[in-house]
Amino acid sequence: MKEEQIKKAYEAAKARYAEFGIDTDKAIETLEHTPISLHCWQADDVVGFERGEAASGGIQTTGNYPGRARNIDELRADIDEVTSMLAGPMRLNLHETYGEFGGKFVDRDQVEPKHFEGWMQWAKERGLKLDFNSTSFSHPKSGYLTLSNPDKSIRDFWIEHTKRCRRIADAMGKYQGDPCIMNIWIHDGSKDYTVEKYRYREILKNSLDEILAEKLPNMKSCLEAKLFGIGLEAYTVGSHDFYAGYCAKNNVIYTLDTGHYEPTENVSDAVSALLLFVPELMLHVSRPMHWDSDHVTLFDDNTRNLFVELVRANALSRAHIGLDYFDASINRIGAYIIGVRAAQKSLLQAFLEPLAQLRKYEDEGKWFERLALMEEEKTLPMGAVYDYFNLKNGKPVAEDYLAEVEKYEREVLSKRN
Ligand code: RNT
Ligand code: ZN
């Protein structure tokens, strides 16, 4: 797109939004200060560097598009490529299985901050902050139950793992001078009906109590609820009710993954309900198709409503935004860009909502007017503002990034097989 044209369109958009008293420059500035945490696992189909095997344990990646990152250097090169095309601050979200193990096998109950020192340095050189995740899937001891396992030896193995991960996150947070957000998701559940629902949940509660007892000032823990995992369809120990209760009672951050709800459920409704009782939210912005399929995040109603609810609740500062999907059927670099841009567009549209006017209509009982304006707002020129945001930050505008993704595929990804 031509610079001249982008600027002209932006000026027109700015004037249009000003009619509602909305300052587009301010919205852009807010976007420039809203980090999005890139999930490292889109680059390599959630394989990691521990044992080089496909993910198992409740989740599954589908597709075999060529060019998967096979080692730490390739993964880093891919992340560099991705961030080179994106405006606005990014973070990088690592799983424990992406440690720098130096060719040795380091089991989950042996992992230490030193296995992530290389990542910390690498990230700092790029101005990227790190987030972290314990990894209880894809391991011989994963089975159906980890932290909720009645077998003490298996349970203790995972408790030890999760404790160590929290210390790694704390080391990262200290190094980067900004809290590292550590997510705990476990796949624990049952394929078929179980008569021990209460028992497993009670065990999980006790395991979490033990894990979270250690005070670590440079990290924040969050707990991710889920509907069900693959092969674990009948029961999920860490359900929404379980974690909503746990997080509310213990003042822990709740992770809301947009793929972890019933297909007809309005996920965004959970934002205001949870925020009244938990300190903060971690968002895993994803796209479920029929189930938790982890398709690439899009600028769709689900994503838009999520951020609109966050802004309406005036809670942007209480949310950590991360992406979570793994599509192995298309160019993985492109998948990152589509997802980040979709999240940014959704955020921007939420910042640009004529909220004062909508609230006024609502207070006055003018419901036709409220509905009409909500319809009109959908086609306000947000795209011109987003284009200008990218131009201003020296990044490709609109579809201009396609050529770069294709070039990287030709020159780098296609040589990997
Ligand atoms: C799984 C959860 C979890 C994972 C990552 C890899 O259903 O969404 O967040 O996707 O930890
Ligand atoms: Zn998730």
Side-chain angles (χ1 to χ4, degrees), residues 31-49 52 61 65-102 115-133 172 175-178 180-181 285 296-297 321-328 330-344 389-417:
L31 198 57
E32 285 168 348
H33 290 95
T34 307
I36 302 215
S37 200
L38 293 171
H39 54 314
C40 75
W41 51 92
Q42 164 60 40
D44 79 329
D45 311 342
V46 213
V47 173
F49 312 126
T61 307
Y65 197 84
R68 185 181 82 78
R70 297 161 301 179
N71 53 53
I72 209 161
D73 292 334
E74 290 180 353
L75 183 72
R76 286 176 179 168
D78 287 358
I79 298 297
D80 275 339
E81 176 65 11
V82 167
T83 54
S84 77
M85 285 179 272
L86 293 167
M90 299 293 139
R91 299 173 69 99
L92 180 65
N93 196 3
L94 294 174
H95 248 286
E96 184 271 348
T97 39
Y98 290 74
E100 229 168 350
F101 303 121
H115 300 117
F116 290 88
E117 268 163 16
W119 273 117
M120 293 187 226
Q121 275 170 22
W122 180 88
K124 191 168 215 170
E125 285 161 17
R126 285 152 178 80
L128 280 175
K129 303 271 171 17
L130 295 175
D131 294 317
F132 199 52
N133 300 260
M172 287 176 171
Y175 188 85
Q176 66 198 17
D178 189 62
C180 169
I181 311 303
V285 192
V296 179
T297 300
I321 302 166
L323 301 177
D324 182 16
Y325 52 81
F326 21 95
D327 189 336
I330 60 172
N331 180 304
R332 293 171 185 79
I333 307 298
Y336 273 120
I337 312 278
I338 292 172
V340 171
R341 289 173 54 101
Q344 287 183 330
F389 160 76
N390 282 302
L391 178 79
K392 179 173 174 256
N393 286 282
K395 301 296 179 182
V397 173
E399 71 279 9
D400 286 355
Y401 73 90
L402 268 66
E404 174 56 32
V405 174
E406 287 170 355
K407 180 168 174 263
Y408 189 73
E409 171 153 49
R410 265 195 321 274
E411 293 174 2
V412 181
L413 300 179
S414 68
K415 310 238 157 84
R416 283 185 188 166
N417 302 286

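This one's a predicted model, so the numbers in the text were calculated from it and none came from an experiment.
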- Query: Does the side chain of Asp327 come within less than 4.5 Å of Gln42's, by heavy atoms?
  - Reply: yes

- Ile337 vs Val82, side chain to side chain contact (heavy atoms under 4.5 Å, CB included): CA-CA, chis, key distance, verdict: CA-CA 7 Å; Ile337 312 278; Val82 167; 4.2 Å; yes

- Between Asp78 and Arg332, is a side chain to side chain contact (heavy atoms under 4.5 Å, CB included) present by the stated rule, with each step listed? CA-CA 9 Å; Asp78 287 358; Arg332 293 171 185 79; over 6 Å; no

- Query: Are Glu74 and Asp44 close enough that some pair of their side-chain heavy atoms sits under 4.5 Å apart?
  - Reply: no

- Task: Measure the shortest side-chain to side-chain distance between Phe132 and Leu94 over non-hydrogen atoms and say whether it is less than 4.5 angstrom.
- Result: yes

- Note on the structure: Output for pair (Arg416 CZ, Asn71 CG), nearest 0.5 Å, gives 7.5 Å

- With sequence neighbours left out, write down each residue that passes side chain to side chain donor-acceptor pair (under 3.5 Å) with Glu81, or none if nothing qualifies. none

- Query: Do Met85 and Val405 have side chains that get closer than 4.5 Å, going by heavy atoms?
  - Reply: yes

- Message: In the structure I gave you, are the side-chain heavy atoms of Leu413 and Pro66 within less than 4.5 Å of one another anywhere?
- Response: no

- Item | Donor-acceptor contact present, side-chain Glu404 to main-chain Ser84, <3.5 Å | no

- Among pairs that include at least one residue of residues 394-417, which meet ring-ring contact (aromatic ring centres under 6.0 Å, His included), considering only residues two or more places apart or in two chains? none

- Query: Distance-only, no hydrogens or angles: does the Tyr325 side chain make a donor-acceptor pair with backbone N or O of Val285 under 3.5 Å?
  - Reply: no

- Can you check whether Leu130's main-chain N or O pairs, donor with acceptor, with Gln176's side chain at less than 3.5 Å? yes

- Is there side-chain contact between Trp122 and Ile79, with heavy atoms separated by less than 4.5 Å? yes

- Item | Selection residues 76-96 - residue pairs positive for ring-ring contact (aromatic ring centres under 6.0 Å, His included), sequence neighbours left out | Trp41-His95, His95-Phe137

- Rounded distance (nearest 0.5 Å) linking atom CG of Leu128 with atom CG of Leu38: 7.5 Å

- Only one of Asn93, Leu75, Asn133, Val46 forms a side-chain contact (heavy atoms from CB on, under 4.5 Å) with Cys40, so which one is it? Leu75

- Query: Under the side-chain hydrogen bond (donor to acceptor under 3.5 Å, both in side chains) rule, what pairs show up with a residue in residues 31-40, not counting sequence neighbours?
  - Reply: Glu32-Lys392, Glu32-Asn393, Ser37-Asp131

- Task: List for me each residue that meets side chain to side chain donor-acceptor pair (under 3.5 Å) alongside Glu117, sequence neighbours excluded, and say none if there are none.
- Result: none

- Could you give all pairs that pass the salt bridge (charged side-chain N to carboxylate O under 4.0 Å, His left out) test and reach residues 121-130, with sequence neighbours left out? Asp80-Arg126

- Message: Strictly distance-based, threshold 3.5 Å: is any side-chain N or O of Arg91 a donor or acceptor partner for the main-chain N or O of Gly322?
- Response: no

- Residue pair Arg410 / Ser414: nearest heavy atoms and the distance that separates them: O-OG, 2.8 Å

- May I have the step-by-step check of side chain to side chain contact (heavy atoms under 4.5 Å, CB included) for Phe49 and Glu100, ending in yes or no? CA-CA 8 Å; Phe49 312 126; Glu100 229 168 350; over 6 Å; no

- Could you give me the CA-CA distance, side-chain angles and deciding distance for Arg341 and Leu86, then say whether side chain to side chain contact (heavy atoms under 4.5 Å, CB included) is met? CA-CA 8 Å; Arg341 289 173 54 101; Leu86 293 167; 4.0 Å; yes

